[in-house]
Structures are given as structure tokens and as C-alpha cells.
Amino acid sequence: MYLRQQKQLAERIRAALRSLYQIADETVVLEQPPELAFGEYATPIAFELARRLRKPPRKIAEEIVAALGSVPGFASLELAGAGYINARLDRGSFVQSFAASAEVPAPDRPIHALVEHTSINPNKAAHIGHLRNAILGDTFVRLLRAAGHKVDVQNYIDNTGVQVADVVVGLMHLEDLTLASVEELMDELAEDGERIDFYCWDLYARVSQWYDADPAEAPARRKLRLDTLHAIEAGGNDTAHIAELVSTAILRRHLETMLRIDIEYDLLPRESEILHLHFWDLAFEQLKAKGVLYLETEGRNKGCWVMKRAGSEGSTSLEEESRSGSPVPPVPPVRPAPDEDAKVIVRSNGTVTYVGKDIAYHLWKFGLLGRDFAYRRFFSYRDRECWISAVTGEPDHPHFGGAQAIYNVIDSRQSDPQANVIEALRGLGYTEQAAHYTHFSYEMVALTPRCALELGYDVSPEDQARPYIEVSGRKGFGVKADDLIDKLVAATRAEVDSRHPELSEAERDATAHAIAVGALRYFMLRFTRNSVIAFDFKDALSFEGETGPYLQYAVVRTRSIFRKAGSTPEEALAALSGVDVAPYLSGPGAEGIWEVWLRAAKTTLLLDQCIQTAEPAYLAKHAFQLAQDFSNFYRLHHILSEEDPVRKKLLLATAAVTQRELIRSLAWLGIGAPEVM
RNA sequence: GGGCGAGUAGCUCAAUUGGAUAGAGCACCGGCCUUCUAAGCCGGGGGUUGUGGGUUCGAUUCCCGCCUCGCCUACCA
């Protein structure tokens with residue numbers, strides 16, 4: 001609603017600029033003034049035009065205001081300060097129409113997007129870093145879907161990598177297990193209710209240490225690791241079977257963990273199929289044909305197929321930039337020395353690197369490879385089926401891949417390889433696809449030294465001096481996702497038990513779970529993407545202040561009001577129709593009411609911004625502010641005892657609109673709103 | 001060496017992407033449960049936005065230099 005009025009006002013101003021100054025297509029910046037007293041919108045456009053028009057800003061602002069006359073939906077336009085143009089909404093009609101409709105406007109161009117997130121190596125338990133990844137990704141999926149886009153959710157599984165080999169080495173050589181005894185072990189773990197991913201968490205750390213524990217043995221152990229990896233890649237042997245068995249069991253555990261916080265997937269593409277279906281061969285042909293790859297004949301990369309590194313001199317992206325800038329005299333493409341900095345895609349022994357496989361995979365994502373996976377059903381959700389890639393699959397399956405836009409939720413450390421994949425796409429001439437390839441980058445979750453000590457880890461003095469310490473699966477250093485969720489659920493459950501003994505066991509379970517998920521998801525979403533989260537249990541287990549439970553609590557308060565009023569939010573909003581509430585929306589004592597409506601009306605604007613910037617934190621912050629505005633309103637206006645019937649209708653509708661916008665904002669953040677708490 | 005990111009209140013983070021008096025939460029101090037749920041609310045203290053310049057009506061935001069911190073930069077896989 002706020003967004004709609006903003007667009008209308010901007011269009012009016014553009015029209016005025018055209019007729020007054022013959023200026024076309026000027027972008028009109030509209031923002032909210034620092035104080036409500038200045039109005040709901042402000043534009044500094046007069047400042048920007050002052051130089052071009054050789055007129056004082058205030059004079060320009062005057063002319064624009066005069067030319068605009070009256071704008072529908074607005075009470076007044078005025079100039080302020082040295083040249084701001086402030087606009088005041090017609091509050092009565094704004095509230096009327098926002099109460100009546102909460103539609104998210106259909107997108108100008110609906111897209112078929114593919115979001116990839118989670119992508120945990122299937123060799124150990126998920127940790128808090130993976131939670132941030134999955135929560136960011138899942139929230140972004142919800143935002144895209146809310147805006148009317150079609151989204152496929154993928155969780156890429158690197159099931160043939162060296163990390164999986166490490167766990168297999170541990171099972172076979174540290175634990176002396178065979179295929180049969182690994183199967184037994186898994187049954188035992190299942191019977192005892194133990195988690196295989198937890199078991200492997202410790203085993204993986206042990207193996208990593210074991211490799212270098214004895215310098216004399218190190219080379220042999222390294223070779224063992226490599227042989228194991230090759231056996232897994234080749235397939236059709238016991239080693240590969242063990243890898244398959246364990247990695248699949250761990251994968252299932254990861255899906256269960258993520259389901260605890262309401263995260264689901266459509267497809268699990270695996271590296272094993274990318275390998276066995278020879279995706280790379282097709283990509284290699286394209287890359288050679290277009291000259292993206294060339295065979296290095298000199299220097300340290302002699303005998304390798306290499307690619308210009310993204311961002312390096314002569315890479316496509318830089319060429320485009322220089323083309324759009326001032327004309328640069330063409331430099332003849334001489335290559336006096338080999339490009340030592342080039343990225344190796346195919347090694348001199350003929351094997352392909354990770355980036356190579358990733359290029360092939362991304363060609364598939366855009367439907368440009370000319371080959372598809374086969375698919376099998378893998379995991380069932382309440383109303384969705386999760387599929388997994390296969391060499392031979394089920395005859396009937398949904399269509400995957402061929403997306404128009406992709407979002408890869410991968411931490412910022414991977415920005416270099418991601419840039420190389422994009423560079424390859426661009427080099428192949430797929431500029432449109434490259435432009436719609438988003439590395440949805442975020443910073444890691446690290447532990448504060450205090451938290452690490454609490455958990456009983458040895459922390460070196462220099463690490464203790466740092467603000468945070470990076471988690472490491474290899475060292476077994478970190479906080480497991482399930483452990484954190486368990487703690488959250490235990491804490492919320494204890495709280496719910498003491499507050500609501502009248503509820504049934506199942507109700508208390510459900511409430512505690514909803515609050516725990518709210519706390520966790522909000523915690524991961526309140527930080528902007530490129531801020532490192534220094535994890536601490538004190539902050540993560542907090543339910544006060546800027547937290548998920550605070551938002552849920554605001555909803556619960558609105559629910560309580562309607563319960564006592566014997567009415568519903570829908571009725572309260574409908575009751576506003578035809579009632580003139582304008583007198584109650586301004587003047588002393590009314591600003592708090594209007595603030596709630598204005599904030600609530602911004603929800604779709606925030607949805608828009610979050611998608612444009614790929615930054616879910618903005619919506620999280622917005623929902624918090626709406627809850628704060630409501631708390632302020634709640635204190636100042638007692639609804640149920642209000643005696644003026646018209647005013648009471650407005651107050652009830654204010655609670656209703658808060659509830660409506662909070663509940664859907666929370667839903668987009670993947671957070672439920674309990675009945676009581 | 002090169003690339004990316006960061007430096008804002010005691011701590012953890014924001015700042016509508018160049019706008020009006022830089023805001024929240026935590027922590028601390030004081031107050032509010034016999035009117036709709038106190039997981040709440042109100043009040044208070046707390047800032048030379050790392051630093052030096054530049055661009056302009058206007059800079060936490062953009063440009064350059066410097067300082068500090070983190071990550072990335074293997075024919076490992």
C-alpha cells in the first residue's frame with residue numbers, strides 16, 4: 001500500500017518534471033522523512049536539479065509543488081527546509097483501502113528461479129554455520145514465492161568428495177569395519193537412538209588428526225586417503241558402497257534436522273551423478289569450442305586446460321566495463337608470457353577440477369547442457385516430495401533445471417570459485433544467464449572465545465584474544481545444529497510449562513517448538529549477510545528484546561484482544577468500511593495509531609527491497625519495528641474499554657492490521673505465530 | 001604481492017543504498033503488574049562513525065592515501 005502510493009507520487013513528479021523542464025526519465029528518490037511531522041514521503045529532487053537548472057533548490061521545489069496541484073490520495077504537498085518536497089497522505093482513505101486489501105502486487109515479470117542452499121558435506125553433523133545458510137536460503141525462497149515467483153529449492157550434495165573419503169577411511173582403517181559391519185553399526189546406532197551424523201562428527205575429527213599424527217606414516221596414510229577417494233569415484237566396490245551407505249544416512253539426518261526448523265527441498269542433485277552421467281564431457285566440448293578454455297603450453301600450468309581468472313585483465317567482465325567507459329585503444333591480443341594466474345580447469349593428468357564440474361552443473365541449471373539427471377523420490381514432506389538425482393530413475397518425475405535465475409547461498413569464502421563459474425558462462429556467450437546468476441554470499445558463523453571455552457575446547461591464548469574463532473568440521477570444533485535446537489526447545493518448553501500449565505502436553509510441545517524456531521530463525525536473520533556472527537549461547541538463547549519471541553508475543557497480544565472482544569481481525573477490518581476514521585488519525589494522541597498503520601503498510605515495500613538486494617534482514621528488522629510500534633500503541637490506547645464507538649472500531653482494526661502484517665511477515669521469515677505464549 | 005569484506009555507544013548490530021537531530025537490542029541505573037498477556041512498557045546515562053585528505057547544497061555511505069582485523073588467492077581433492 002505504501003509502495004503503491006509511492007509509485008504514484010513518483011510518477012506524478014516525473015510528469016511535472018517533463019512539463020516544467022523537459023526532463024525525462026529522471027529517477028525520483030522518495031524516502032520517509034525523519035519525523036512524521038514532515039509527512040510520509042519526501043524527495044530531495046530539487047537539490048539534485050539545482051545545478052542543472054541553475055536555480056536555487058527552494059525555487060525549484062516551489063515550481064514543482066505548484067505544478068503538481070493536488071494528487072489523489074494525498075492531503076497536501078509542501079516544501080520544507082532548503083528545498084525538500086514533503087508529501088502528506090490522506091490518512092483516512094489510506095487506512096480505509098489498506099484495511100480492505102492486503103494483496104501482494106503481482107510481479108512485473110514473474111520468473112522461474114532456482115535457489116540452492118544448505119549443501120552440507122554428508123560426512124558429519126550439521127553445525128550452526130549450516131543453519132545460517134539454510135535459514136537464509138529458505139527465507140529467500142519464501143520471499144520469492146510470496147512475491148509471486150516460481151521457485152525450485154535445491155540442496156547440492158557433494159557425496160564423492162574427499163571429506164566423505166575421510167570418514168570411510170575412519171570406518172575401514174581406524175575402526176576396522178567391513179561393508180557388513182558398517183551396516184551392523186548403523187543398525188546399532190539406530191536402535192540406541194544415536195545419530196549417525198554425530199558419530200561421524202567425532203570420527204571425522206579423529207581421522208583428520210590421524211593423517212598427520214605420525215610423520216613417518218603420513219605419506220602412506222595420505223595415499224590411503226587418495227586411493228579411497230578414487231575407489232568412491234569409480235563406484236561398484238565395497239568402499240564405494242560404504243561411502244554411499246553412510247553419506248545417504250547422514251543426508252537423511254540433515255533433512256530431518258532442517259525439517260525441525262521448517263525447511264524443505266525439492267531436489268538433491270549429487271556430485272556422483274554429475275560424474276557418472278558425464279556432465280563434464282559436454283561442458284568441456286562447449287568450453288573448448290568457444291575458446292573459454294585453452295591448453296597451456298608453457299610455464300607451471302603446462303599441459304593443463306586453463307581459463308582466464310574472473311576479474312583478471314582481459315576477462316570478459318573487464319572488457320565490458322572498459323567498453324562502456326571512455327574508448328580504450330584496442331590492444332592486440334599478444335600473449336608474450338603464459339598467464340600463470342590462470343585457473344586450472346583440467347589438470348595435466350586429465351582429471352577435472354571442482355570448478356570444472358561446477359561449470360557443467362550450472363549449465364544444467366540454466367538448461368544449457370543438453371543432458372539431464374534421472375530422478376528418484378527420496379524424502380516425503382507433509383505436502384511435498386523431495387527428489388534425488390540418480391543414474392537410472394523413476395519414469396515419472398517433475399521437470400528440474402532450466403531456470404531463468406539462480407541464487408546460490410554459499411558463504412563468502414567461495415566467492416572466487418563462484419566468480420569463475422560466472423566468468424565461464426559469460427565466456428560461452430550466455431551473458432543473460434550470467435547476469436541472473438547470484439552468488440547469495442554471507443559471512444560465517446564463528447564462536448566467541450568464551451563460548452568455545454564453555455564447550456570445553458582448548459583455546460590458544462592468541463585465539464582467546466580474537467573477537468571470534470572460525471568453526472572447523474575437520475577439527476570437530478563447533479556447535480552442532482541439533483544440539484542448539486535441543487537447547488532452545490528445552491528452554492522454551494520450561495518457560496511454556498510454567499506459564500501455561502492448563503495446556504495439554506501436545507499444545508505445550510507445539511508452542512515451545514514454535515518459539516524455539518522463532519528464536520533461532522530470527523537470530524540468524526537479524527544480521528545482514530556480510531556480518532560475521534560471533535555465536536554465543538547467551539545471545540542465541542535470549543527471548544527478550546530484538547528476538548523472534550518478541551515478535552510472536554506481539555501477535556499473541558493481538559490474539560488475546562480479539563478473544564476477549566469476541567471478534568476476529570477480519571471482522572474488525574471489515575467493520576472499518578464506510579466509517580470516517582480520519583479525525584482519529586491525526587492530532588495529539590493519534591500519531592501512535594497512525595504510525596502502526598503506516599509501518600504495517602510498508603510490508604510489501606520491504607518484500608520488494610529484500611528481493612532486490614537479496615537481503616532478508618530488512619524484513620526481519622521491519623517486523624521488529626512493527627511489533628515495537630504496536631507495543632507503544634498498546635500501552636497508550638486501551639481498546640476494550642474505549643467508549644467512543646467509532647474510535648473503538650479504529651483501535652480494533654489497528655490491532656487487526658498489526659496481526660495481519662506481523663503474521664505474514666513472520667511466515668515469510670519461516671516463523672509461526674502461536675495462539676498463546 | 002593481488003582480490004573481496006569489515007572497522008559506528010562498554011558489548012552485539014542497524015542506518016530506507018548520498019539526505020533533515022546517526023538508531024535498536026544487550027548490559028547498567030531508576031520506575032510500572034487489581035484495566036486487552038510484564039517473553040512487556042516508560043525514563044536515564046553512554047558517539048570526534050579507525051585515521052588524514054578529496055568530491056558537494058549535504059558523506060557512516062562515494063573517491064584517494066594510511067592503520068588494524070578477517071577471508072580468498074594450490075595441477076591438494
Side-chain angles (χ1 to χ4, degrees), chain A residues 29-35 38 42-44 46-48 50-51 56-57 80-84 158 160-163 165 222 225-226 229-230 233 296 300-304 306 309-312 341 343-349 351 353-354 411-417 419 441 443-444 446 448 466-468 470 492 495 499 515 519 526-528 530-534 536 538-539 542-550 552-554 556-565 602 605-606 609 612-613 617-618 621-622 624-625 628 631-632 634-642 651 655 676-677:
Chain A
V29 175
L30 280 173
E31 58 208 12
Q32 193 176 340
E35 277 177 60
F38 296 147
T43 178
F47 294 111
E48 287 161 33
R51 169 162 290 200
Y84 278 99
D158 186 358
T160 55
V162 68
Q163 327 78 14
R222 293 274 160 188
R225 181 196 206 195
L226 205 59
L229 177 66
H230 291 151
E233 283 177 352
E296 183 58 80
R300 67 171 187 188
N301 293 334
K302 186 176 177 182
C304 298
V306 301
R309 195 173 286 272
S312 67
D341 189 44
K343 178 74 198 161
V344 172
I345 303 297
V346 181
R347 304 185 188 95
S348 54
N349 67 6
T351 57
T353 60
Y354 194 85
D411 73 69
S412 60
R413 288 170 291 194
Q414 300 285 338
S415 67
D416 202 49
S441 158
E443 271 292 347
M444 62 184 168
T448 61
R466 296 178 202 274
Y468 53 82
E470 188 176 355
T492 51
E495 204 60 39
R499 286 168 193 245
I515 298 168
R526 50 182 276 235
F527 303 91
T528 50
N530 53 11
S531 151
V532 175
I533 298 181
D536 198 314
K538 182 176 79 63
D539 299 332
S542 164
F543 307 134
E544 290 166 15
E546 195 186 344
T547 64
Y550 177 92
Q552 293 170 315
Y553 191 71
V556 164
R557 279 177 151 177
T558 63
R559 290 200 200 278
S560 180
I561 291 167
F562 288 103
R563 220 169 10 246
K564 291 254 162 86
K602 283 185 178 175
L605 170 71
L606 267 296
Q609 279 179 0
Q612 292 308 316
T613 55
Y618 297 150
K621 186 67 88 182
H622 167 75
F624 172 66
Q625 286 168 335
Q628 270 190 325
S631 289
N632 182 44
Y634 183 87
R635 171 178 63 94
L636 292 173
H637 307 281
H638 199 270
I639 300 170
L640 298 180
S641 62
E642 176 60 45
L651 296 181
V676 297
M677 64 186 278

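So you know, we letter chains A, B, ... as the sequences are listed, proteins then strands, and number each from 1. Since we're looking at a predicted model, the values are computed, not measured.
- The residue A:Tyr553 sits close to a base: some heavy atom pair falls under 4.0 Å.
- In terms of position on RNA chain B, the residue among A:Asn349 and A:Phe624 whose nearest nucleotide sits closer to the 5' end is A:Phe624.
- Within the nucleic acid shown, A:Leu606 has no heavy atom closer than 4.0 Å to any nucleic acid atom.
- Distance noted for atom P between B:C62 and B:A6: 8 Å (whole Å).
- Closest to the side chain of A:Asp416, from the set B:C72, B:G5, B:G25, is B:C72.
- In this structure, A:Glu48 places its CD atom 11 Å from P of B:U17, rounding to the nearest Å.
- Two residues, A:Thr160 and A:Leu605, neighbour RNA chain B, and the one matched to the more 5' nucleotide by heavy-atom proximity is A:Leu605.
- On the C1' atoms, B:G23 is 13 Å away from B:U49, given to the nearest whole Å.
- The nucleotide whose nearest atom lies closest to any side-chain atom of A:Arg557 is, among B:A38, B:C57, B:G25, B:A38.
- One C1' atom belongs to B:A22, the other to B:U16, and the distance between them is 14 Å to the nearest Å.
- Of the charged side-chain nitrogens involved, at least one lies within less than 4.0 Å of a carboxylate oxygen, so that A:Arg413 and A:Asp411 count as a salt-bridged pair.
- Here B:C69 is in the anti range [glycosidic angle more than 90° from 0].
- The base of B:G19 lies close enough to the side chain of A:Tyr84 for a donor and an acceptor atom to sit less than 3.5 Å apart.
- Nucleotides B:U48 and B:U56, compared at atom P, are 28 Å apart to the nearest Å.
- Counting non-hydrogen atoms under 4.0 angstrom, A:Thr353 reaches nothing in the nucleic acid.
- A:Thr613 places a side-chain N or O within 3.5 Å of a backbone atom of A:Gln609 that can act as its donor or acceptor partner.
- A cation-pi geometry, defined here as NZ or CZ lying under 6.0 Å from the six-membered ring centre and within 45° of its normal, holds between A:Arg557 and A:Tyr634.
- Between the CZ atom of A:Phe47 and the P atom of B:G19 there is a distance of 12 Å, rounded to whole Å.
- In this entry the base of B:U17 is syn relative to its sugar, with a glycosidic angle within 90° of 0.
- Within 4.0 Å of A:Lys302, counting heavy atoms only, lies at least one base atom of the nucleic acid.
- Straight-line distance between the C1' atoms of B:C67 and B:A27: roughly 30 Å, to the nearest whole Å.
- Remark: the separation of the C1' atoms in B:G25 and B:G19 is 26 Å, to the nearest Å.
- B:U55 and B:C64 have their C1' atoms separated by 11 Å, with the value rounded to a whole Å.
- You'll find a donor-acceptor pair under 3.5 Å spanning the side chain of A:Ser348 and the base of B:C75, going by distance alone.
- To the nearest whole angstrom, the two P atoms, one in B:G5 and one in B:G45, are 38 Å apart.
- Stacking here means ring centres nearer than 5.5 Å and ring planes tilted less than 30 degrees, and by that measure A:Phe38 stacks onto B:A20.
- Closest contact between the side chain of A:Ser631 and the listed nucleotides B:C41, B:A77, B:U56 involves B:C41.
- Within 3.5 Å, no donor on the side chain of A:Arg225 pairs with an acceptor on the base of B:A77, nor the reverse.
- Base contact: A:Glu495 has a heavy atom under 4.0 Å from a base atom.
- As judged by a 4.0 angstrom heavy-atom cut-off over every strand, A:Arg466 is placed among residues touching the sugar-phosphate backbone only.
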Pair assignment for RNA chain B - dot-bracket with | for other-strand partners, Watson-Crick or G-U under 3.5 Å | (((((((..((((.....[...)))).(((((.......))))).....(((((..]....))))))))))))....
